[in-house]
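Written out below as structure tokens is the structure these notes cover.
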Amino acid sequence: MGQERGAGRFALSIAAVMLAAVPAVAQDHPLQTLRLNQVGFETEGPKAATLADPRTTPLPWTVADETGAIVLSGDTTVTGLDATSGDHVHTIRFDAVRTSGDLILTVGGQRRTVHVSASPFADLKRDAMVFFYENRSGVPIEAEHVARADLARPAGHAPDRATCFSGEDMRGNVWSGCDYTLDVTGGWYDAGDHGKYVVNGGISAWTLLNAWERAATQRFAEPYPDGSADIPEAGNGVSDLLDEARIEVEFLLAMQIPEGARLRVPVGRFARDQALTFTEIDAGGLVHHKVHDVRWTALPMAPADDPETRYLYPPNTAATLNMVAVAAQAARIWKTIDPAFSARALAAGRRGLAAARRHPDIYALGDFNGGGGYGDDDLSDEFYWAMAEMFVTTDDPALLTELKASPLYLTAPGMSGRAGADIGWNSVGALGTISLALADDRLPDADRNRARGALVASARTYLADAQTQGYGHPFAGPDYSWGSNGNLMNRAMVLGLAHDFTDETGFRNGVVSALDYLLGRNPLDQSYVTGYGDRPMVNPHHRFWAHSADPAYPKPPSGVLSGGPNNTNMSDPVAQTMRGNCLPQKCWKDDIRAFTQNEVAVNWNAPFVWVAAFLSPD
């Protein structure tokens, strides 16, 4: 549901409580102790598996073909206790296998089928993009563009016209509203609910656009050429990836406040329990934080059946800078594809940057029912990101001077300060560095190489983390937060860029290791992706893909990524029963009620698309 995602405080929604008795759909395949990527391995790529077994001496293993002939054999490496899963594990590396087909890995009395092919992730790449089309708002999801007829649905929130929230929020702060209405029809529903959020839509749109821009600037194959995705725009002569991302870019632009509008908003910092005071400002050019229902809707519910009134929620600096960054990125990408759209995006970005400079300290405040909070008390990374994107687009030397004055200049995840956080909706500084690193003609060679070197250094840290993990993925914990699988995909994106910059095979192998974890090489023997693997996720927290709550609703399409293990917030009715009883990697249930663990969201599927496209470039 996205309740207060990232805001540091989580309240159960009425809808979640009502679902306390809904049973989850059980897995058809029993949990096994031999864990590996259940989808497949590249013929020429790395191959590893993990065996959870208490024995402390190496165990013999074999890989055999379908006739029983031994293809490869060896002994396990005893890795020992894996701290965040509690498993005592052995590692099996069978990289030397170069035989395509279905093989059998046998070790410690366990047998598992190993799928090997030249391009095992091609279907995954296609289906990961499905998430965005099927979560579009304001348009019907058409039967001709979905895998099953039951996934089609009428348009929700068509039109989506809203005015500003007025009245008391849940803490008694009184908001005065506004005298205008915006048509914000379109965009993507954010997650399991019907809200649309600028700060989460911003990083998601940027990530899809970066997948295209990374390929274009590095002269790689276009990741989703026109006609490769099953969307209504296919065949229009424009990359399907760009067509899909534009759906969200248009929404971000629509959330901008018209010139001359005045609003009463809180300015500056407030303590969590402090009553808000309001200041009247010139709000023109700022961007509303979100649009969503005044109350949480029940689960399940198709978007077209939503009965609640929707409102725009107050603008702030972070939302404005998200729009600025993505608008600038879109302006350069569409400069020759659609000059009019490019000019419109750049103009909106300029207006937004001016407004953010005029109001640099308006935060996402207020406690509103019906939608996630997405609060952020550090805006330095948003300013850096937005200025970096505007500089890459405009080559304005004044912007470069400002960028060089920022402590985040050319920093990457794993470095000091706020930039040390993993990439996420509230930690976007590294996105600016990525765009600067990819722009060959903007920075002096020394600075561009410094940006690339920072990203490579972060990637090396991730590889070092993987060496400490019994399941081989590039994350050492100790905690797993809401959306941990999306965080892992963001790390994989940095690893992929490091491979681009250095051509070192180890970085690409790190991307594969991250995907291996999502597809089954984890302590739950779980593929966290719908439709893929022996034990795929089947019960996402989603109001329409809600078959386990009501058989009249559809099962999810293939290619949807679960948020994954979460031991840092356990506020949903399923997680509450697990608190204190699970180690970090095991704090997850495939249950529609488990919104802190099994929600799905645009900012998790976006880097998943990036990674799938990286590994399947053709």
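For clarity, every value in this text was computed on a predicted model and none was experimentally measured.
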Quiz item: Heavy atoms, side chains only, cut-off 4.5 Å: are M570 and C582 in contact?
Solution: yes
Quiz item: When rounded to the nearest 0.5 angstrom, what is the spacing between CH2 in W212 and OG in S239?
Solution: 7.5 Å
Quiz item: On the ring face of F614, is K125 found with NZ or CZ under 6.0 Å from the centre and within 45° of the axis?
Solution: no
Practice problem: Go through I104 and E66 one step at a time and tell me if the side chain to side chain contact (heavy atoms under 4.5 Å, CB included) criterion holds. | Solution: CA-CA 7 Å; I104 302 297; E66 291 176 310; over 6 Å; no
Quiz item: Do D190 and N200 pass the side-chain hydrogen bond (donor to acceptor under 3.5 Å, both in side chains) test, and can you show the C-alpha distance, the side-chain angles, and the key distance before you say yes or no?
Solution: CA-CA 7 Å; D190 178 77; N200 215 40; 2.8 Å; yes
Quiz item: Considering residues at least two apart in sequence or located in another chain, which fulfil the ring pair (Phe, Tyr, Trp, His ring centres under 6.0 Å) criterion with Y189?
Solution: H157, H194
Quiz item: Which is it for Y384 and T433 under the side-chain hydrogen bond (donor to acceptor under 3.5 Å, both in side chains) test, yes or no, and what are the steps along the way?
Solution: CA-CA 9 Å; Y384 171 67; T433 297; 2.8 Å; yes
Quiz item: Between R93 and W61, is NZ or CZ placed under 6.0 angstrom from the six-membered ring centre and within 45° of the ring axis?
Solution: no
Practice problem: Quickly, which of N567, D87, N522, D82 forms a side-chain hydrogen bond (donor to acceptor under 3.5 Å, both in side chains) with Q585? Name it, please. | Solution: D82
Quiz prompt | Student check: side-chain heavy atoms of Q32 and R535 closer than 4.5 Å | solution = no
Practice problem: Apply salt bridge (Lys or Arg N to Asp or Glu O under 4.0 Å) to D500 and R214, showing your working. | Solution: CA-CA 9 Å; D500 290 346; R214 166 251 172 193; 2.7 Å; yes
Quiz item: Checking salt bridge (Lys or Arg N to Asp or Glu O under 4.0 Å) for the pair E42/R98: CA distance, chi angles, key distance, verdict?
Solution: CA-CA 9 Å; E42 298 168 310; R98 294 292 185 263; over 6 Å; no
Quiz item: Which of these, V78, T33, V89, L105, sits in a side chain to side chain contact (heavy atoms under 4.5 Å, CB included) with L51?
Solution: T33
Quiz prompt | Residues L583, T84; criterion side chain to side chain contact (heavy atoms under 4.5 Å, CB included); working and verdict | solution = CA-CA 6 Å; L583 286 169; T84 54; 5.9 Å; no
Quiz item: If you look at every heavy atom in R55 and H90, which pair is closest and at what distance?
Solution: O-NE2, 2.7 Å
Practice problem: Answer yes if the ring centres of Y462 and F507 are under 6.0 angstrom apart, and no otherwise. | Solution: no
Practice problem: Test salt bridge (Lys or Arg N to Asp or Glu O under 4.0 Å) on R593 and D572 and set out the steps. | Solution: CA-CA 7 Å; R593 301 165 298 171; D572 67 59; over 6 Å; no
Exercise. Please tell me if the side chains of F41 and L36 come closer than 4.5 Å, counting only heavy atoms from C-beta onward.
Key: yes
Quiz item: Does the side chain to side chain contact (heavy atoms under 4.5 Å, CB included) test come out yes or no for R112 and D534, once each step is laid out?
Solution: CA-CA 10 Å; R112 203 76 188 253; D534 304 327; 3.3 Å; yes
Quiz item: Is N485 close to W588 at the side-chain level, that is, under 4.5 Å between some pair of heavy atoms?
Solution: no
Quiz item: Does one side chain, of H541 or N598, offer a donor that lies under 3.5 Å from an acceptor on the other?
Solution: no
Quiz item: If you round to the nearest 0.5 Å, how far is CG of L519 from CZ of R35?
Solution: 15.5 Å
Exercise. List the steps and the verdict of side chain to side chain contact (heavy atoms under 4.5 Å, CB included) for E244 and R136.
Key: CA-CA 9 Å; E244 190 59 64; R136 288 188 190 182; 2.8 Å; yes
Exercise. Please find out if less than 6.0 Å separates the ring center of F131 from that of W188.
Key: no
Quiz prompt | Spatial distance of atom CG (L151) from atom NZ (K555) [nearest 0.5 Å] | solution = 11.5 Å
Exercise. Before giving the answer on side-chain hydrogen bond (donor to acceptor under 3.5 Å, both in side chains), spell out for S119 and D618 the whole-Å C-alpha distance, their side-chain angles and the decisive distance to 0.1 Å.
Key: CA-CA 9 Å; S119 186; D618 298 325; over 6 Å; no
Quiz item: Once you round to the nearest 0.5 Å, how far does CG of N135 lie from CG of N605?
Solution: 8.5 Å
Self-check item: Worked check of side-chain hydrogen bond (donor to acceptor under 3.5 Å, both in side chains) between Y517 and N37
Solution: CA-CA 7 Å; Y517 172 87; N37 182 327; over 6 Å; no
Quiz item: Quick check, are the ring centers of Y374 and W425 under 6.0 angstrom apart?
Solution: yes
